Amino acid sequence: MKKVKIALLGLGNVGTGVCKILNTNKEEIRNRAGYDIEIAKILVRDVNKKRDVNVPEGVITASPEEILDDESIKIVVEVMGGTDPAKDYMIRAMKAKKHVVTANKLAIATLGDELIGTAKEEGVMLKYEASVAGGIPIIDTINESLTANKIKEIVGIINGTTNYILTKMYLENMDFETALKEAQEMGYAEADPTSDVEGYDAVYKLGILTSLAFGTKVDSDLIYREGISNIKSIDIEYAKEFGYVIKLLAIVKEIDNVLELRVHPTMISTRHPLANVNDSFNAVLLKGNAVGDLMLYGRGAGDLPTGSAVVGDIISILKDNMEIKNEVNKIELSAKQINNMENTESQYYIRATVKDVPGVLGEISAILGNNNVSVLSVIQKSKGQEFVTIVFVTHKTLEGNINKSISAIEQLSSVQKIENVIRVENGIK
Ligand code: NAP
Ligand code: HSE
C-alpha cells in the first residue's frame, strides 16, 4: 500500500476529531483512499497541553517550519482558525506544492480570492467542505451533484451554536448564558463566540455558499447581519403563542439578477421544514430550477461531524492521486448586485413597552396603516400597570415601511420602547 504523510495545523476540537476518525476508520479509509495515511506533524500553540487523543512522541510541534519546509508532507490540514497566521501558513504550504484542506470559513469567506488564486497558480487542491454546515456535504452537493441546476434560493440554519442556544431557550426555558456555555463545552462555538452569537459565522458561510451556488464574488461586509443576542425569553414565549419557533436563518434569493442576502433571527411556523432542526443540527433548504426543493440535514458543528468533512476532503485529494495540475483554467468571478434591505419583504413581529393609557393601540395602528403595514394580530396581556407589553404581528410588507413605522412609533409619548422587531417567514417560495 502506498503511504502518504500529512500534517495538521491545530489539535483543538476539529483537529482531535480528524485524528480520531483517521484512527477509528483506518482500514476503510486506507481502502477508499488507496493510501496509508500517516499524521507526521501537528502544529499547536502549547506543546505541553493534555490532548484528548494519543499522539506518538515527536509529532506535536510548535514550529510551523517543521511542516511547511518538510517536502515529504503532501497535505496540510488547517484546523487552527482565524486568519493570522492561518492564511500565511496555507499560502506557504500551497507554494511548497502541498494540497490544503481547511475548515476555516472566516479565511475562505474573507481571503478566498487569494487562497483559491494561489491554489490555482500552484496547481494544488484547496478543499473546504467543513467550512460550511459541519458534517453536511453541502459544498460537494452544490459543486458536483447540482451542477445541472440554476440555484434560485437557499435558506439555511448554518450555525450550530446559535441553533443549540435557541433550541435550549425554546424547549427547556434555559437562559441564554447557560446555553452558550454548554455549546462552548461541547466544542461547537468559535474561539470567540461573538462570531456565532452575532451572526458573523453564518454570514461567512452564507458568503461561501452564495459564491459557489450563484457563481459570484461576495463581500461578507455587504451581507445584512443580525445576531441572536437580543432574543429574550419573552420573545420565545410570544413565538410559541403565535405557533412559531425562532431560528437564526441565512437566506439568499436571486430576484431579477439581484441577490437578496441576509442573516437574522426569524420566526417560522412550527410546520416549516426548518422548525424541527434542533440543537447543533444544521439544515440547508435549496431550490434548483431542475431539482426543485431539496433539504440537507445533519450535525453542523462538533469534533466528529466536522472531522468527517475534513477527512472526506483528504480522501478525495488522495483519490485524485494528489495530482498537481499545471494547466490552470482561471474563471474570474464578478460581483452581482445586492438588494437593499429596505426593499426586502417579510412579515414582522414587533414587541413594545407602552404606557397603559387609552388610545395607545389606536395611535400605533394608525402609524402602521399610514405606512402600508397591515396588522395580522395584536396581543396585550397585562392591564392596570403603568407600563405594559404590546405585541403586533404584521402581514407581509416592505422592510422600508416597517423602518418608517418604527421611527414614528418611537416618537409617541405613550411608547416607552420598541423592545424587539423580528422577521417572520412562512416558507421557501
Ligand atoms: P480550537 O478548538 O480553538 O483549536 C484550535 C487549535 O489550533 C488548537 O489546537 C490550538 O493550539 C491551535 N492554534 C491556534 N492558533 C495557533 C497558532 N497561532 N499557532 C499554533 N497553533 C495554533 O478550534 P476548533 O473548534 O477546532 O476550530 C478550528 C477551525 O475549524 C476554525 O477555523 C473553526 O471555525 C473551524 N470549524 C470548527 C467547527 C467546530 O465545530 N468547532 C466546525 C466547523 C469548522 P493549542 O491547542 O495549543 O491551543
Ligand atoms: N461555531 C460554528 C457553529 C462551528 O457553531 O456552527 C461550525 O462551523
Side-chain angles (χ1 to χ4, degrees), residues 7-20 41-53 55 60-68 77-90 101-111 128-136 138-139 156-167 179-180 182-206 208-209 227-228 248 250 263 277 279-284 298-310 313:
L8 269 53
L9 306 178
L11 187 57
N13 296 303
V14 183
T16 303
V18 170
C19 289
K20 284 182 183 166
K41 286 282 168 198
I42 303 177
L43 180 74
V44 296
R45 264 179 306 223
D46 177 1
V47 290
N48 297 315
K49 199 191 267 184
K50 191 173 167 337
R51 304 288 164 180
D52 282 347
V53 276
V55 179
I60 290 187
T61 177
S63 157
E65 282 69 34
E66 283 188 30
I67 293 169
L68 302 172
V77 179
E78 186 279 306
V79 282
M80 61 195 290
T83 52
D84 183 20
K87 180 199 92 173
D88 178 46
Y89 293 170
M90 285 193 270
V101 174
T102 180
N104 192 331
K105 52 269 166 150
L106 168 66
I108 294 294
T110 60
L111 305 163
Y128 47 92
E129 180 63 72
S131 66
V132 182
I136 300 178
I138 182 67
I139 290 180
I157 295 173
I158 52 176
N159 181 270
T161 303
T162 45
N163 203 39
Y164 185 88
I165 295 171
L166 291 172
T167 303
L180 171 59
E182 282 194 7
Q184 288 178 293
E185 282 162 7
M186 310 262 206
Y188 303 150
E190 296 302 303
D192 176 358
T194 312
S195 182
D196 298 294
V197 167
E198 296 304 344
Y200 294 98
D201 179 83
V203 159
Y204 302 140
K205 292 166 176 171
L206 181 64
I208 296 171
L209 289 183
I228 65 162
L248 183 73
V263 168
V277 176
D279 297 315
S280 70
F281 280 90
N282 282 191
V284 182
R299 290 264 179 211
D303 55 357
L304 294 179
T306 312
S308 159
V310 171
D313 276 348

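Residue numbers run from 1 in the order of the sequence given. All of these numbers come straight from a predicted model, not from anything done at the bench. Numbering of ligands and ligand atoms starts at 1, following listing order.
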- request: Check ligand 2 against T161 and write out every atom of the ligand that is under 4.0 Å from a heavy-atom position of the residue.
  value: 1 (N), 3 (C), 5 (O)
task: Could you grab the distance from atom NZ of K20 to atom CG of D52, nearest 0.5 Å is fine?
output: 5.5 Å
- request: Measure the spacing between CG of N282 and NZ of K205 and express it to the nearest 0.5 Å.
  value: 6.0 Å
message: Taking non-hydrogen atoms within less than 4.0 Å of ligand 1, which protein residues qualify?
response: G10, L11, G12, N13, V14, L43, V44, R45, D46, K49, R51, V79, M80, G81, P85, A103, N104, K105, A130, G187, E190, A301, G302, T306
- line: Value for CG (L106) from CG (D201), rounded to nearest 0.5 Å, stands at 9.0 Å
Protein residue, atom and distance nearest to atom 8 (O) of ligand 2, heavy-atom basis: K105 NZ, 2.5 Å
- prompt: Under 4.5 Å between any side-chain heavy atoms of M80 and Y89, yes or no?
  reply: yes
query: Against heavy atoms of K205, which atoms of ligand 2 measure under 4.0 Å?
result: 2 (C), 3 (C), 6 (O), 7 (C), 8 (O)
task: Flag D196 as yes when one of its N or O atoms lies below 3.5 Å from any N or O atom of ligand 2, and as no otherwise.
output: yes
message: With heavy-atom distances below 4.0 Å as the criterion, list the atoms of ligand 2 near E190.
response: 1 (N), 2 (C), 4 (C)
message: Tell me the protein heavy atom at minimum distance from atom 6 (O) of ligand 2, and give that distance in Å.
response: G160 N, 2.7 Å
- request: List the atom of I208, the atom of S131, and the distance in Å for their closest heavy-atom pair.
  value: CD1-OG, 3.8 Å
task: Mark yes when over 12 heavy atoms from residues, nucleotides or ligands other than F281 sit less than 6.0 Å from its CZ; otherwise mark no.
output: yes
message: Can you name the atoms of ligand 2, numbered from 1 with element, that are less than 4.0 Å from a heavy atom of Y188?
response: 1 (N), 2 (C), 3 (C), 4 (C), 5 (O)
message: Let me confirm one number: the OG1-CD1 distance from T83 to I108, rounded to the nearest 0.5 Å.
response: 12.0 Å
- prompt: For ligand 2, which atoms have a heavy atom of N159 less than 4.0 angstrom away?
  reply: 2 (C), 3 (C), 5 (O), 6 (O)
- line: Looking only at non-hydrogen atoms, the one of G187, A202, G134, G300 nearest atom 7 (C) of ligand 2 is G300
query: What pair of heavy atoms forms the shortest contact from A183 to T161, and how long is it?
result: CB-CG2, 3.8 Å
query: Nearest 0.5 Å, what's the CD-CD1 distance between E66 and I42?
result: 12.5 Å
query: Can you name the one residue among D196, D279, N159 that meets side chain to side chain contact (heavy atoms under 4.5 Å, CB included) with Y164?
result: D279
